[in-house]
Amino acid sequence: MQLPLAAEIAEFDVDEDCLVIDSRRLTDIADEIGRTPFYLYSSVRIEARIQQLRDALPAAVHVRYAVKANPMPELVTRVAGLTDGLDVASAGELKTALASGMAPEHISFAGPGKSVEELRAAVDAGILVNVESPRELERLQQIARETGQRPRAAIRVNPDFELKKSGMKMAGGAKQFGIDAEVVPGVLTAWDDSIDFWGFHIFSGSQNLDSEIICDVQTKSVDLALSLSAHAPRPPRIVNIGGGFGIPYFPADRALDLAPVGRHLAGLAERLAKACPQAHLAVELGRYIVGEAGLYVCRVRERKISRGKVFLITDGGMHHHLSASGNFGQVIRRNFPVLVGNRVTGRERESVSVVGPLCTPLDLLADNMEMARAEEGDLIVVFQSGAYGLTASPIHFLSHPVAVERLL
Ligand SMILES: Cc1ncc(COP(=O)(O)O)c(C=O)c1O
């Protein structure tokens with residue numbers, strides 16, 4: 001049935017007004033879990049999404065999963081079995097990736113400010129380090145000298161172009177990510193043989209729904225990698241052009257049309273094969289693989305009316321789901337798709353704000369949104385929550401360790 005949500009949100013079944021996920025009623029799942037809030041991820045949807053990617057993209061293009069989007073260990077293991085590689089962003093994510101069954105040679109580590117301990121762990125595990133700065137390269141060389149190992153590294157390039165109309169731009173201009181493209185030839189020319197050069201990583205941005213813009217940036221990324229290859233100590237073996245494939249969150253969003261991206265990638269893979277036969281082309285996707293497969297579910301603790309406005313005060317909030325609260329990169333806050341999971345289409349409807357129990361007005365899961373009239377104990381569902389949910393919320397951000405506290 002069509003849910004009262006943006007038309008492009010993947011359809012879910014409904015049984016007697018209760019949401020059904022992977023053939024199970026939400027209320028039954030909540031009873032079994034025994035407490036709220038919780039995140040639910042549908043393996044059926046994740047597998048279907050990866051199959052869609054496999055159908056649309058040429059076989060020559062490797063599909064890598066960016067663990068940062070959702071590092072839940074069982075989920076990573078499931079995805080690892082269906083993809084060609086994993087990209088991690090912290091020592092915590094590296095541990096999860098290594099435990100997933102993915103061979104270390106297909107795991108890479110990108111992210112600014114990697115600690116020496118993280119770099120050592122990466123080298124010891126034999127994974128690929130996407131080097132983000134000349135300083136990081138020096139640290140790798142130091143580790144090579146100290147351990148007698150030959151670290152595998154690719155250069156993450158900060159290109160001079162950006163992924164336009166993206167939820168998050170991570171390239172072009174001055175950035176903390178990658179080595180500026182104009183500096184890369186010098187770094188490559190001075191490349192020291194203690195590090196095994198593998199290729200290039202060019203990640204331009206996240207959350208883009210425009211296939212033309214994505215294709216344009218992919219062409220520019222391959223062009224850039226090919227021109228930088230002329231300075232490399234050996235031909236690249238991997239050209240990772242990132243991804244940025246987005247999912248629809250808001251009423252005006254339309255799902256990304258994958259078919260033109262697949263056709264375009266086929267042409268790029270052919271070009272790369274001719275210029276650098278040893279290299280494979282890779283895309284690195286997080287949100288697109290898991291985002292639409294996940295729900296965040298919390299329970300209404302209280303219906304409160306303040307000066308005529310209805311607040312549903314729940315046991316969930318921004319500490320679990322920073323993205324839905326609008327505090328993770330949204331310039332103007334917009335509501336994620338939210339409904340009452342046990343009264344999906346409920347006839348009596350009202351405009352409400354769904355909030356959490358934190359002492360800040362930022363703790364908002366839905367602002368003035370129309371949904372079925374909810375009562376205490378009802379289940380509030382936030383859709384499109386499979387990516388950048390718990391992992392992008394305080395204090396779990398990218399599985400980095402928490403800060404120490406000390407009273408002196
Ligand atoms: C280096 C890198 N790879 C992959 C991703 C995943 O992006 P997305 O989840 O939009 O596919 C990100 C997102 O920030 C990133 O920084």
Side-chain angles (χ1 to χ4, degrees), residues 41 46 49-50 52-53 57 61-72 75-76 79 83-90 93-94 97 106-114 118 122 127-133 136 154-159 162-172 175-179 199-211 213-214 217-218 221 238-249 253 255-256 258 261 282-294 322-323 328-330 384-392 397-400:
Y41 310 117
I46 293 172
R49 179 44 62 94
I50 295 172
Q52 276 171 7
L53 281 165
L57 271 42
V61 173
H62 287 203
V63 175
R64 305 176 67 85
Y65 173 58
V67 173
K68 56 164 63 73
N70 191 326
M72 183 209 191
L75 181 149
V76 174
V79 173
T83 50
D84 305 306
L86 299 176
D87 182 67
V88 301
S90 67
E93 288 186 5
L94 174 57
H106 301 306
I107 300 175
S108 55
F109 188 172
K114 299 178 194 74
E118 285 177 320
I127 69 158
L128 182 70
V129 177
N130 291 327
V131 171
E132 307 257 350
S133 69
E136 195 167 284
I155 290 194
R156 177 167 180 188
V157 184
N158 173 28
E162 60 178 30
L163 187 60
K164 295 194 186 83
K165 287 211 260 169
S166 280
M168 207 176 280
K169 291 181 182 139
M170 301 185 69
K175 288 281 180 297
Q176 70 266 53
F177 310 109
I179 302 179
F200 299 104
H201 179 223
I202 304 171
F203 186 88
S204 306
S206 183
Q207 181 51 19
N208 197 296
L209 293 168
D210 188 324
S211 56
I213 292 178
I214 288 178
V217 148
Q218 288 176 338
S221 301
I238 179 166
V239 174
N240 179 341
I241 55 172
F245 298 11
I247 62 171
Y249 287 94
D253 287 351
L256 172 67
L258 210 48
V261 178
V283 291
E284 184 176 289
L285 306 172
R287 187 191 316 266
Y288 194 74
I289 291 178
V290 293
E292 294 186 75
L322 192 69
S323 311
F328 180 50
Q330 277 192 42
Q384 311 301 73
S385 297
Y388 306 109
L390 204 55
T391 181
F397 223 114
L398 299 194
S399 312
H400 282 290

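Atoms within a ligand are numbered from 1 in the order they appear, just like the ligands themselves. Start at 1 with the first residue, then count along the sequence.
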K.L.:
Is there a polar contact between ligand 1 and R156, counting only N or O atoms under 3.5 Å apart?
P.N.:
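Checking ligand 1 against R156, no N or O pair falls under 3.5 Å apart.
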K.L.:
With heavy-atom distances below 4.0 Å as the criterion, list the atoms of ligand 1 near G286.
P.N.:
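So the answer, numbered in order with elements, is 8 (P), 9 (O), 11 (O).
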K.L.:
Less than 4.0 angstrom from a charged side-chain N to a carboxylate O is my criterion; do E136 and K114 meet it?
P.N.:
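The answer is yes: the pair qualifies as a salt bridge.
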K.L.:
Less than 3.5 Å between some nitrogen or oxygen of H201 and one of ligand 1, yes or no?
P.N.:
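The answer is no, given that H201 and ligand 1 share no N or O pair closer than 3.5 Å.
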K.L.:
Pick out which of I50, N70, V88 makes a side chain to side chain contact (heavy atoms under 4.5 Å, CB included) with Y65.
P.N.:
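The passing option is N70.
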K.L.:
Using a 4.0 Å heavy-atom cut-off, say whether A66 meets ligand 1 through its side chain, its backbone, both or neither.
P.N.:
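Within the 4.0 Å criterion, A66 contacts ligand 1 through side-chain atoms alone.
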K.L.:
Measure up the F328 and Y388 rings against each other and bin them: parallel (under 30°), tilted (30 to 60°), perpendicular (over 60°).
P.N.:
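Taking Y388 first and then F328, their aromatic rings sit tilted (interplane angle of 30° to 60°).
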K.L.:
For R156, enumerate each residue passing the salt bridge (charged side-chain N to carboxylate O under 4.0 Å, His left out) test, keeping only those at least two apart in sequence or located in another chain.
P.N.:
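Residues passing salt bridge (charged side-chain N to carboxylate O under 4.0 Å, His left out) with R156: E132.
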K.L.:
Go through ligand 1 atom by atom and flag the ones less than 4.0 Å from a non-hydrogen atom of Y388.
P.N.:
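Checking each atom against Y388, I get 6 (C), 7 (O), 8 (P), 9 (O), 13 (C).
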K.L.:
Using a strict 4.0 Å cut-off to heavy atoms of L285, name the atoms of ligand 1 that fall inside it.
P.N.:
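Those of ligand 1 that fall under 4.0 Å from L285 are 11 (O).
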K.L.:
Find the distance between CZ (F109) and CG (L128) and round it off to the nearest 0.5 Å.
P.N.:
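Going from CZ on F109 over to CG on L128, the span is 11.5 Å.
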K.L.:
Mind checking whether F245 has a heavy atom under 4.0 Å from ligand 1?
P.N.:
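The answer is no: ligand 1 sits nowhere under 4.0 Å from a heavy atom of F245.
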K.L.:
Considering Y288, F203, Y65 one by one, which has a heavy atom nearer to atom 5 (C) of ligand 1 than any of the others?
P.N.:
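Shortest heavy-atom distance from atom 5 (C) of ligand 1: F203.
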K.L.:
Output all residues satisfying side-chain contact (heavy atoms from CB on, under 4.5 Å) with N158, sequence neighbours left out; order by chain, then residue number.
P.N.:
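side-chain contact (heavy atoms from CB on, under 4.5 Å) list for N158, sorted by chain: A171, K175, D180.
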K.L.:
Side chain to side chain contact (heavy atoms under 4.5 Å, CB included), that's the test. Do D87 and N240 meet it? Break it down for me.
P.N.:
CA-CA 11 Å; D87 182 67; N240 179 341; 5.7 Å; no
K.L.:
Going by the closest heavy atom to atom 4 (C) of ligand 1, which one wins out of R287, Q207, E284?
P.N.:
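Among R287, Q207, E284, the closest heavy atom to atom 4 (C) of ligand 1 belongs to E284.
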